Amino acid sequence: MCLAIPARVVEITDSEQAIVDLGGVRKEVSLALVEGIEVGDYVIIHVGYALTRLDPQEAEKTLALMADAELTPTEAAS
Amino acid sequence: MKYVDEFRDGQVAQGLARAIAAEVVPERRYNFMEFCGGHTHAISRYGVPDLLPPNVRMIHGPGCPVCVLPIGRIDLAIMLALEKGVILCTYADTLRVPASGRLSLMRAKARGGDIRMVYSVTDALKIARENPNKEVVFFAIGFETTAPPTAEAIRQAAKEGMKNFSVLCCHVLTPSAIINILESPEVRVLGTVPLDGFVGPAHVSTVIGSRPYEFFAEEYRKPVVIAGFEPLDVMQAILMLIRQVNEGRAEVENEFTRAVTPEGNLKAQKLVSEVFELRRTFEWRGLGEVPYSALKIRKHYADLDAERRFNLEYKPVPDNKSCECGAILRGLKKPTDCKIFGNVCTPENPMGSCMVSSEGACAAHYSYGRYKDAEVSA
Ligand code: SF4
């Protein structure tokens, strides 16, 4: 039940409600726990609430780090 | 799905596996606990152990809210439904958790209890608005991720002056459970649970931030790497833990920077502290009584507290004798160490709580690792 999924905000219906796109399915979620969310943002959804905004730049950085993991061993290992 | 599929890429996983293999010191053993059930699930589902060298071992932790819910708490919920005639609303996962007298919420429902599965606490509020003549109780379970939605619902109910809604609050806290494990004799004295570091919670950390873990790193000299719930996140976190161990560091590192900041979600934290306060102690399945490890509803919202409203008194109930959930939740045993794993106890007919939710160690092993484990032990 802790599983929570990233979804894209497609519409903000009022200040505390939004419609998100969850892999093609539209779902209503509450924005009561987050601030400053805009249409197009990705948020992590858990039990009907957005818990946090997902930072696309940080996601890119992490993916780059993973892709390069093999090429950048630390000194301790070499 | 974006931000999901990229973090499940098989080729990148192989690359991470090679990086891990290259960096482990062969004569050393690495024992890491993944605290969260979400990680347990990902590790089993994607076969992460197959990608790790034999000297890197993952230990399942107690971070599955369904698994740690003690029988006595479910008994209270069942009693409300069967004896007090309330409409009891609950998340799906709690329905099949075994309770006293061979009951579960599901079986209580078959006996006529009005028990309704909800996806969100907002659904419970809706049910209360639609049934003004009935008492509606929301059975609130979960860690720091589900507590803020419950807090928000309580505030909303107070604002609307709802008279027929209340919450049976069983929210528990991650840091206290980690301390309990670190302080356990198995870890401190006996060494039966060797622990070299933690994979820190994903979504819990989006709320509480990475800062609360600094204490463990400093005080107990254990590295913590907060990780997302996708398989690559877990692999990357394991690599980061191995590097910390190799370099003799014990720090809090964050792999899940796309969602977790040092301070966490301040708005959610503020809401939680406005509505809840700490319980002096709370019983966990497996860990027993853990001081200051759970939340209760503040006096200001007493009308919305089902425990006060129905004068509920908690009574501890011992677990099924053959069930090893307790030892599994403490990292002491593996699901396959339980004699009734997979034969008497299955997800269709769970005997213990770890077999109920897909994040429970036993259910995850049963669903994804059963055949492999059988081969190994044969
Ligand atoms: S297999 Fe079932 S009875 Fe055994 S420890 Fe797991 S949940 Fe408990």
Side-chain angles (χ1 to χ4, degrees), chain A residues 1-10 15-18 20-25 27-37 40-78, chain B residues 1-4 6-7 9 12 15-16 18-20 22-23 36-38 41 63-66 91-93 119-123 141-143 145-146 148-149 152 156 201-204 206-207 228-229 232-233 235-236 239 243 246-247 255-260 264-265 267-268 271 357-359:
Chain A
M1 68 164 288
C2 290
L3 298 183
I5 356 171
R8 193 168 55 90
V9 176
V10 290
S15 66
E16 301 221 312
Q17 290 291 320
V20 295
D21 174 67
L22 251 178
V25 182
K27 208 168 165 33
E28 191 170 4
V29 300
S30 167
L31 298 180
L33 304 176
V34 283
E35 269 165 330
I37 300 294
D41 282 349
Y42 276 79
V43 286
I44 291 180
I45 308 293
H46 179 62
V47 297
Y49 285 77
L51 277 188
T52 186
R53 200 179 81 91
L54 205 135
D55 186 329
Q57 274 164 352
E58 288 296 332
E60 286 313 316
K61 273 196 230 163
T62 306
L63 283 170
L65 209 65
M66 290 167 171
D68 289 347
E70 253 186 302
L71 313 171
T72 51
T74 55
E75 278 169 33
S78 55
Chain B
M1 252 193 295
K2 194 158 166 60
Y3 299 119
V4 174
E6 309 94 294
F7 291 91
D9 185 293
V12 180
L16 280 166
R18 285 191 292 270
I20 289 173
E23 297 202 24
C36 266
H41 178 89
C64 155
V66 181
Y91 293 130
D93 277 353
Y119 165 69
S120 171
V121 60
T122 48
D123 300 335
I141 73 153
F143 284 90
T145 41
T146 30
E152 171 60 23
Q156 181 66 28
H203 297 135
V204 162
T206 65
V207 176
F229 275 152
L232 294 189
D233 291 317
M235 298 282 293
Q236 174 72 22
L239 178 61
R243 288 177 176 167
N246 287 351
E247 292 163 22
E255 183 277 336
F256 199 33
T257 49
R258 62 188 185 278
V260 173
N265 182 338
K267 190 176 179 191
L271 187 61
S357 154
S358 62
E359 290 149 44

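Note that the structure is a prediction, hence the values are computed from the model and not measured. We name chains A, B, ... by the order of the sequence lines, and we start the count at 1 in each one. Below, each value reflects all heavy atoms present in this structure, side chains not excepted, and no hydrogens, waters or symmetry copies.
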Tyr3(B) side chain reached by Ile44(A) side chain, heavy atoms, under 4.5 Å: no

Option that, when pairs with chain A are counted at under 4.5 Å, heavy atom only, ranks first among Met235(B), Lys2(B), Gln156(B): Lys2(B)

Structural part of Arg8(A) lying under 4.5 Å from a heavy atom of chain B: neither

Beyond-backbone contact of Tyr49(A) with Thr122(B), side-chain heavy atoms, under 4.5 angstrom: yes

Worked verdict on Ile141(B) versus Val66(B) for side-chain contact (heavy atoms from CB on, under 4.5 Å): CA-CA 8 Å; Ile141(B) 73 153; Val66(B) 181; 4.0 Å; yes

Gap between atom OG of Ser357(B) and atom NE2 of His41(B) - 0.5 Å precision: 9.0 Å

Contact class of Glu28(A) relative to chain B, heavy atoms under 4.5 angstrom: neither

Under 3.5 Å donor-acceptor, Ser120(B) side chain and Val47(A) backbone: yes

Heavy-atom proximity to chain A below 4.5 Å, by part of Glu255(B): both

Pairs of heavy atoms under 4.5 Å with chain A: top-ranked of Ala92(B), Ala268(B), Gly228(B), Ala259(B): Ala259(B)

Heavy-atom pair with the smallest gap, counting every atom of Asp9(B) and Val12(B): OD1-N, 3.0 Å

Leu232(B), part contacting chain A, at a heavy-atom distance under 4.5 Å: both

Heavy-atom pair count under 4.5 Å with chain B, highest-scoring of Leu63(A), Leu22(A), Thr62(A): Leu63(A)

Any Phe229(B) side-chain heavy atom under 4.5 Å of Glu359(B) side chain: no

For chain A, the option from Gly264(B), Pro201(B), Pro149(B), Ala202(B) that forms the most heavy-atom pairs under 4.5 Å: Pro149(B)

Val34(A) portion near chain B, given a 4.5 angstrom heavy-atom threshold: both

Within-4.5 Å side-chain heavy-atom neighbours: Met66(A) and Phe7(B): yes

Part of Asp233(B) lying under 4.5 Å from any heavy atom of chain A: both

Chain A contact via Gln236(B) - side chain, backbone, both or neither, heavy atoms under 4.5 Å: side chain

